[in-house]
Amino acid sequence: MLLQTQKTSLRPQTTAHLAQTMSLLELTSAELSQKIEAALASNPALELTEERRCPYCHRPTLKAGPCPACKAPLAAAADQPIVFVSPRRDFRRSGGQLEEDSDSPEEWTAAAEDLPTFVGRQIAPELSLEERALAAHLLTSLDEDGLLTVSLSEVARYHHVPLARVERVQRLIQRAEPLGVGSCSPQEALLVQLEVLAETRTPPRKTEQAIRLGMDALSRRAYGELGRLLGVSTEKAIQIADFISENLNPYPARAYWGDIHQGAAQQPFYPEPDIIISRLSETDDTPLMVEIVSPYAGALRVNTLFRQALSEAPPEKAKAWQQDFEEAALLVKCLQQRDNTLVRLMQRLATLQRAYILYGDAHIIPLTRAQLAQELEVHESTVSRAVAGKAVQLPNRKIVPLARWFDRSLNVRTALLQIIAEEEQPLSDTQIARLLARQGFDVARRTVAKYRSMEGILPARLRHHPTRPNGHP
DNA sequence: CTATGGCACGGATT
DNA sequence: AATCCGTGCCATAG
């Protein structure tokens, strides 16, 4: 029982198998989608089936995901996340030019609709015939962020209608889900969202001005500058910025705006989640549902007719066909294994980081890839590959890199933000370090300084507290 | 003398 | 093997 460790991983028969599984593992669902489509196009041995099956009982089902029969008992075990693979296709739009594809067959799920259709359906009832044309024009001119690529006046001119009519339509679009789509700029999108949000909640004072005047400072996370611009303290500015990044999204079509803190370097956004997590109920003990997006999962298979034809292949083709067949079989098998690995990974991860998933950054558990690899009995490079480049959508609709789940310092940094946000007067790094230690975060003073600058927070001395007296205009 | 930022070392990650 | 990250040490600014 000593050296039995080198066994299971050898299951794959060929090195090709192993290699391909590995390379598939690190692909995001969007990339995978492309790869599969390419394979489908070039390899006649592959085919798609129409039938969908429940990932648990394998009985045919109409929708992606566990069938109702499986879901209920699963949901009973609140401590175990429900993890499954879903073929949900991405939103990827090509250039988004006109011609609404009228040939779109059945959708896999509602989410497989493309953005223009999705929005169009929401607003259609409120549109006159003429307005529909305008709406169609606008909706087909969205970029992948959900922002317009044409100007309103351009559209107005094209259709020979007054600008005001186009504006009316745009307004309808903007107020549809996702809130703010069809805006001309991130700024406008934010304003629309703020407006709608204000109907039910009260945003911090000056939030609107912050968006109107401080977009630049905001995106650079120059909170001091933002504060000056608005005539408020840096803390107040941070508060506003936090509110904005917590609740608004400058790129409506992307579920969320990268990240709250984490210097300006946090440039890339994660438009298409590879993994989608949702909660089954609003209660604290809700089971989590983890959906691993794997394009064509369950639908891709080796064409059975092709297999039969293999034996009757004309001699000159036999070799090529045989090769196609083997390639196809390999691909299908590797995909299965990839999905399987991801399921196991997410199962464990969702359990470990449940608090983080439900309650946010402050509750993340520092976790290393190596640790997880050991628990799952896979090589750590496997975990690394699986995690790299993937995006997860959390129940609150935010999209974060899966790698974030392994951030060793995130919880400390959020605690640090918290402290600074609540400080009565500027605290020095040493003092902050002490406070953190009191909360169980044992970090060096030097490290506090690093985190602070990482979050774009000025040193204590420059962090003026405006001494409240002279309120605000 | 105190608070910070720069540089570099050692361990963890990739 | 190459990189990244938390820290300690030290110089500098106030």
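Letters go in sequence order (proteins before strands), and every chain restarts at 1.
Atom CD of A:Gln371 is surrounded by more than 12 heavy atoms from other residues, nucleotides or ligands within 6.0 Å. For CD of A:Gln374, the number of neighbouring non-hydrogen atoms (other residues, nucleotides, ligands) closer than 6.0 Å is 12 at most.
Comparing A:Ser409 and A:Arg445 along DNA chain C, the residue whose closest nucleotide (by nearest heavy atom) sits nearer the 5' end is A:Ser409.
Using a 4.0 Å heavy-atom distance criterion, A:Arg369 is classed as a sugar-phosphate-only contact. Nucleic acid contact class of A:Ser381 (heavy atoms, under 4.0 Å, all strands): none. Residue A:Arg408 is classed as a sugar-phosphate contact, given heavy-atom separations below 4.0 Å to backbone atoms only.
For A:Tyr451, the listed nucleotide lying nearest its side chain is C:dG6; candidates were C:dT7, B:dT4, C:dG6. Side-chain proximity of A:Thr368 to the nucleotides B:dT13, B:dA3, C:dT7 is greatest for B:dT13. Nearest nucleotide to the A:Arg446 side chain, out of C:dG8, B:dT14, C:dG6: C:dG8. Taking only side-chain atoms of A:Ala449, from C-beta outward, the nucleotide of B:dA3, B:dG5, B:dT14 with the closest atom is B:dG5.
Straight-line distance from the CE atom of A:Met454 to the P atom of B:dG6: 13 Å, rounded to whole Å.
Ionic pairing of A:Asp429 and A:Arg446 is not present here: no N-O contact between side-chain nitrogen and carboxylate oxygen is shorter than 4.0 angstrom.
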